[in-house]
Amino acid sequence: MKVDISMLLTLVFQASGVSSMGGTEMSEQNRELATIFEVMANVLDIQGENYHRVLAYRRAADSVRALGEPIDKIQSEGRITQIPGIGDILAAKIDEYLRTGQIAAYQKLVNQVPLGLLQILEIPGMGPRRTKLLWETLGISSVDEMEAAALAGQLRQIKGIGARTELKLLDGLRAWRRQRTGRIPLGVAWPLIQEIKRALRDMSGVLQAEPAGSLRRMRETVGDLDLLVAAVDSEQVMVRFRTLPMVDEVLLSGPTKTSIRTMDGIQVDLRVLPPERWGSGLQYFTGSQAHNIRVRALAQEQGLSLSEYGFRRENGAEIVCAGEEAVYMTLGLPWIPPELREDHGEIEAALEGRLPELVKRSDLLGDFQCHTIRSNGDHSLPEMVQAARKAGLHYVVVADHTDGTLCGDGMSMADLDAFLGEVAHLNAQLAGEFRVIAGAEVNIQPDGSLGWPDEVLARLDFVVASVHTDFGLPREQMTQRVLKALRNPYIDMIGHPLGRLLSRREGIDLDMEAVFQEAALRGVAMEINAWPQRLDLNDVYVRRAIQLGVMLGISSDAHDVDGFAVLDFGIAIARRGWSESHHILNTLTVNDVLLWRQRRLTNSRASQRAFE
DNA sequence: GCCGTTTTCGGCCCGACTGTTTTCAGTCG
């Protein structure tokens, strides 16, 4: 039987929430290939294959998923084996995939086990051993069959599973069904962990409390929440944690670790560390797993073993790390920012002393997109300006939707005089302290033309162009649409270029490589929209944009006075994409931003004249 | 299956928690 890859992708995405995890991928081929390797890893795991071989496939999947450029482009340039974790054998499989659209070894593997086992493997409490046992001894090959067997008390026939485990697996199965819709967006996870952190931090004897795991690395979505606490009396902290008001169920609880599930079905893991070992614990639990494996290998090269409790020499002597810096310093490395810890080149960069100086929130002087009651915002222009000042900004682009964008009523061209007058009036009042930039967010029509004519756009000081309709255009047409908008000299930035809404809407189908090249050529910025449901561009594209010399701008897309707080998430995505301050347009002063724009306008007029 | 300035073979991170165990396997992160 030939397994239809798209069907399998659907199955696996549903099972793992992968589609909302990585967001829009660099290309359909990258995504499909990553999933193929992931599936191969899981099948091999179930079959009891050598674990390191399994890991090799997982690592390859992760590498391909994180690529900043289309895999066929890398292939055509002969750089496949330069991808971390891709050796000769996997390179041949990639080649086979790109030539024929399939991989024989993959077909063979998926024919060896029922695909339902891949879903069973996703259930909390089920690993490869048990999945295999269920299949071999009870013939269970789907989640539904497993549930029926558990309800009938048949799972306990299996060696190593008793009545308690059977109940736990049933719980896990139900949690899996609830959660299969996807992972938790950063915008949900972050406030929740802060709330829990505050509740524990207040306790006497608690010295530190910080998020760890993918949350500290600021991934756009997280599977569960990790919180780390340094305290002398761990039991006291565990008791408080288990009895927090949002706790629905305690999953497990020991002296160093407790896991709970909240009323919303979110799992939160708390670990308590002795204060003197805070650094090694924080480093360890921040991950990622791939990063830690590399760090541990470095330790081993130096005759050290590293765990969450610190280093141990071969003679048993300990090196205890109270701070995270000490962990990296022991290995001869500078401290690596959590956002980079994905084993996507940060270890090599650290070894060679070329870690990026990542952009910080305090570097941001302005914001390129906020909305007022002129379109679909909740507050007036003066109120939004006041809020932007309170957020520590020095300038803000007020970029209401233009009419006809389906986002509220929109600002009409007839409103423009009144808008420009209000901006001028505010700027006169604020002279020297703050600058309001008169802008607009104009729609990119399906044919690539813009919602307003050029002579109207020319009256504005900053124009964001975004796709708000006709999200389903085919790739070629969608790409031409955005490219045409990019060639309009009055466009300063493409807003939320992927057009996705996390776990609600897939991104538009766009040849981002072509778009970036055009943006770099024209000197148009690409937006990092910080709104938590967007985070658009995402980290992978940010890194690629930087490689191609594209200027980036971070926007809050604030629709109310509280909306500027999300700039933190925009900064997080920029940092995950290895952005330094000079890659980010709004680290410039307002005058330099206007100069940047003026230069592009002058250049485009000059080239226009040359063309004529 | 990957990888290499101790290398082309033999390593590949490591500990907590649980449940079912009479000493440990499986899962998890």
Side-chain angles (χ1 to χ4, degrees), chain A residues 37 40-41 44-46 48-63 80-94 105 109 120-134 155-169 171-172 212-217 222-228 234 238 250-259 267-273 277 280-281 283-312 327 331 343 351:
Chain A
F37 286 154
M40 290 178 85
L44 289 168
D45 207 0
I46 291 170
E49 181 56 69
N50 176 306
Y51 184 62
H52 299 292
R53 187 166 172 233
V54 173
L55 267 189
Y57 275 97
R58 291 230 165 93
R59 181 163 150 69
D62 188 47
S63 272
I80 285 289
T81 51
Q82 288 174 24
I83 301 171
I86 305 292
D88 291 339
I89 293 171
L90 287 180
K93 290 188 166 59
I94 292 173
L109 271 180
I120 292 179
L121 191 59
E122 299 279 338
I123 294 173
M126 289 300 293
R129 301 284 94 72
R130 280 180 185 163
T131 301
K132 188 181 186 201
L133 269 179
L134 251 61
L155 292 190
R156 64 187 80 169
Q157 296 169 10
I158 288 175
K159 186 170 185 290
I161 295 182
R164 289 178 67 98
T165 303
E166 194 173 55
L167 278 177
K168 252 193 147 132
L169 288 174
D171 276 350
S214 50
L215 196 51
R216 181 162 181 249
R217 303 198 312 278
V222 299
D224 55 25
L225 279 58
D226 295 298
L227 186 67
L228 237 52
S234 82
M238 295 305 186
V250 176
L251 299 173
L252 58 89
S253 189
T256 67
K257 176 181 176 178
T258 292
S259 294
Q267 184 174 330
V268 186
D269 298 338
L270 169 71
R271 291 164 202 274
V272 178
L273 301 166
R277 296 176 194 270
S280 46
Q283 194 285 327
Y284 179 81
F285 289 114
T286 296
S288 64
Q289 193 184 18
H291 174 88
N292 282 355
I293 286 173
R294 294 292 307 279
V295 169
R296 268 140 206 276
L298 283 180
Q300 283 201 325
E301 283 172 21
Q302 301 181 26
L304 297 167
S305 146
L306 175 61
S307 76
E308 60 261 51
Y309 298 111
F311 294 96
R312 199 179 305 138
V327 177
L331 298 172
D343 191 22
L351 284 168

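From a predicted model like this one, the values you see are computed outputs, not experimental measurements. Throughout, protein chains are lettered first and strands after them, A, B, ... in sequence-line order, and every chain is numbered starting at 1.
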Exercise: do A:Arg312 and A:Ser305 side chains pair donor with acceptor under 3.5 Å
no
Counting any heavy atom closer than 4.0 Å, what does [X] reach on the DNA or RNA strands: base, sugar-phosphate only, or nothing?
X	result
A:Ala41	nothing
A:Gln300	sugar-phosphate
A:Lys168	sugar-phosphate
A:Leu55	nothing
A:Lys93	sugar-phosphate
A:Arg312	sugar-phosphate
A:Ser259	nothing

Hits for salt bridge (charged side-chain N to carboxylate O under 4.0 Å, His left out) against A:Asp45, two or more places apart or cross-chain, chain-then-number order -> A:Arg58
Who are the salt bridge (charged side-chain N to carboxylate O under 4.0 Å, His left out) partners of A:Arg156, not counting sequence neighbours?
A:Glu166
List in chain and number order the residues that pass side chain to side chain contact (heavy atoms under 4.5 Å, CB included) with A:Asn50, two or more places apart in sequence or in another chain; answer none if no residue qualifies.
A:His52, A:Arg53
Nucleotide of B:dG19, B:dC14, B:dC13 approaching A:Ile293 most closely (side-chain heavy atoms)
B:dC13
Which listed nucleotide (B:dC2, B:dC14, B:dC17) is nearest to the side chain of A:Leu90?
B:dC2
Hey, which sits more toward the 5' end of DNA chain B by its nearest nucleotide, A:Gly254 or A:Ile89?
A:Ile89
After noting the C-alpha distance and the side-chain angles of A:Asp269 and A:Leu225, does the key distance pass the side chain to side chain contact (heavy atoms under 4.5 Å, CB included) rule?
CA-CA 6 Å; A:Asp269 298 338; A:Leu225 279 58; over 6 Å; no
Got a list of protein N/O to nucleotides 27-29 of chain B N/O distances below 3.5 Å?
from: B:dT27; atom 1: OP1; to: A:Gly127; atom 2: N; distance (Å): 2.8
from: B:dT27; atom 1: OP1; to: A:Gly127; atom 2: O; distance (Å): 3.1
from: B:dT27; atom 1: OP1; to: A:Arg130; atom 2: N; distance (Å): 2.8
from: B:dT27; atom 1: OP2; to: A:Arg129; atom 2: N; distance (Å): 3.2
from: B:dT27; atom 1: O5'; to: A:Gly127; atom 2: N; distance (Å): 3.4
from: B:dC28; atom 1: OP1; to: A:Gly125; atom 2: N; distance (Å): 2.3
from: B:dC28; atom 1: OP2; to: A:Met126; atom 2: O; distance (Å): 3.2
from: B:dG29; atom 1: OP1; to: A:Asp224; atom 2: OD2; distance (Å): 3.3
from: B:dG29; atom 1: N2; to: A:Tyr284; atom 2: OH; distance (Å): 2.4

Need the pair for B:dT8. Rule: Watson-Crick or G-U wobble, both distances under 3.5 Å, any strand; none if unpaired.
none
Quick one: A:Gln302 CD to B:dT6 P, roughly how many Å, whole number?
12 Å
Integer-rounded Å distance: B:dC2 P and A:Arg58 CZ:
16 Å
For nucleotides B:dC28 and B:dT20, find the distance between their P atoms and express it as a whole number of Å.
16 Å
Could you note down all residue pairs passing salt bridge (charged side-chain N to carboxylate O under 4.0 Å, His left out) where residues 291-300 of chain A supplies at least one of them, sequence neighbours left out?
A:Arg294-A:Asp343, A:Arg294-A:Glu348
Can you pull out every salt bridge (charged side-chain N to carboxylate O under 4.0 Å, His left out) where at least one residue sits in residues 300-310 of chain A? Sequence neighbours excluded, please.
none
Any side-chain N or O of [X] below 4.0 angstrom from OP1/OP2 of [N]?
X	N	answer
A:Thr256	B:dG15	no
A:Thr165	B:dT20	yes
A:Tyr309	B:dA16	yes

